J.: 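Shown below is the structure under consideration.
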Amino acid sequence: MTLPRRAEPARVAGWIAAVVEDVFASLEEVRARMLGCHRAVMDRGERLTSDDIAQLRPELLERLRREGEGEVVVGMGMIVTPGLLADEPRRLEWWHTVPGRDPAFLNVDLDPESIGFYDYAEAEWFAVPRRTGARHVVGPYVDYGGTDRYMLTLTLPVRAEGEFLGVVGADVPVSRFEALLLPGLAALDDEVILINAERRIILSNSARRLTGSLLREPDPAGSRPEAAGHAPYDLPNLPWRLLMSARSKAGRAAPPISSAPA
Amino acid sequence: MSRLSGAARHAVFAPLDDGAGRSEAVARRLGRAIALGLIADGEQLPTESELATALNVSTVTLREALSSLRRQGLVETRRGRGGGSFVRASADALTERARRRLREMGTTDLRELGDFHAAIAGAAARLAADRASADNIARLREIVDRLAAARPAHARRRIGGRYYIEVAAAAQSVRLTTQEIDLQSELGELLWSPMRPALDQEKLHERTVHNHRAVIDAVERRAGDAARALTERHIEAGVQRLIELHFDLVERDGGGAGDPPAPP
């Protein structure tokens, strides 16, 4: 396919957001299933148990299997707020893909007395949606407690009649996210940088702007879009900002192997 | 051409402990060893059963790995008397292999590899400034002279890797040396394969020789901080060039890893 060499920030943001929105759409369905399950238990006048949460399994496994070979999502699940369940103080119903095998249950240490305690209630991907009531994306970060990978984690709060039940979430490895989007971005004439709220680079098409590093300089002045940079573009409903500017000579020091006219 | 120590060769044939994707793991390890020149062009590999025993895998797994290496053009199997599996480390096969690897790696993988190499080689250079003997320094100079004279590119890869391993050895650290050997088997083929225009290739070679000589000068002056800083900066620049090349490869075959999502 032919890729455009020029694109407006809104259009580039649209490519990027489409990947994220797909994952969130999937999470919304998992959340609906969870809420249905919660309602049934309430109707019986009982309290939720870990068995009720386990009813999400077929749904989670089916989604992870469907991701297949070119998967974007490598982990998915429901994380229950501490103290909600009748039988267990904490519960992580989280499954992750294993190459060439069925998805596996993620076993983490949930004993608060233990030195390896996985204190998920304090994790940003849990605490922020609980506080704001809105969806959230964390990363890139090194997920050293759980999967030991460089990750983006997307979460949605689960609320029933004002009560916070926990979050549903999905893990997207930074490398998968990049592999999906880079072919389009590498072909662009503009330098493209995607940063998160702490100004950490999520994705870029410039070797001077490495994923994971902090962008220290201020955004280009938006008042002169004809000059070096476009105005910063905030992605709708995501804590992400897109910065685009004409490539400087240093941006891609080596001449492209393909002989595209400049 | 002198080779790495027996210990490094031994590590290549040590048992693998990983249960999943064993044939891939075997193919990867042998492929890297061939690319690094630990197993020389034309060398005959041990018999299938010997190799399977040494690596602690089944002969079925080993055969799968060998057939993957044959597809990559790195191994050739001859039948009959005097037959067996022979290493084919032709420049073309190695360059093609490096290009494929670079295309498949993400920019974060490349950055991580560079971060880690800068940490290991930077620490080794600083310690070498404290600990290197006159003999060590003479040895380092000799290696860089050989690097300066080396043609063609794949000969540079071998001797270029030797430089870092020798700096770690001059730091008197077995752990840093072992890490450096592993790193060179991952990085060496990417850094030195002639994937870029010949002109860039020569400039890179010139800059590398210049940098290594500056580091050895700093080691000789016992200026550890300078040796470390020069080493780190050189590695960072090298990784930046690899990421540029990765972008070029991705751009050239467009949606190789999946088309960009259609605009809404």
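These numbers come from a predicted model, not from an experiment.
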J.: If contact means a heavy atom pair closer than 4.5 Å, which residues of residues 106-118 of chain B contact chain A?
T.: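 B/Gly106, B/Thr107, B/Thr108, B/Arg111 fall under the 4.5 Å cut-off.
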J.: Any side-chain heavy atom of A/Leu154 within less than 4.5 Å of one from A/Val73?
T.: no
J.: Working to the nearest 0.5 angstrom, can you tell me the gap between B/Leu242 CG and B/Leu187 CG?
T.: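 The CG atom of B/Leu242 sits 7.0 Å away from the CG atom of B/Leu187.
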J.: Are there over 12 heavy-atom neighbours, none belonging to B/Asp225, within less than 6.0 Å of that residue's CG?
T.: no
J.: Roughly how far, to the nearest 0.5 Å, is the OG1 atom of B/Thr231 from the NE2 atom of B/His212?
T.: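 Interatomic distance, B/His212 NE2 to B/Thr231 OG1, rounded to 0.5 Å: 8.5 Å.
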J.: Under 4.0 Å between a side-chain nitrogen and a carboxylate oxygen: does that hold for A/Asp143 and A/Arg149?
T.: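 Answer for the salt bridge query: no.
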J.: Measuring from atom CZ of B/Arg22 to atom CD of B/Glu64, what distance do you get when rounded to the nearest 0.5 angstrom?
T.: 12.0 Å
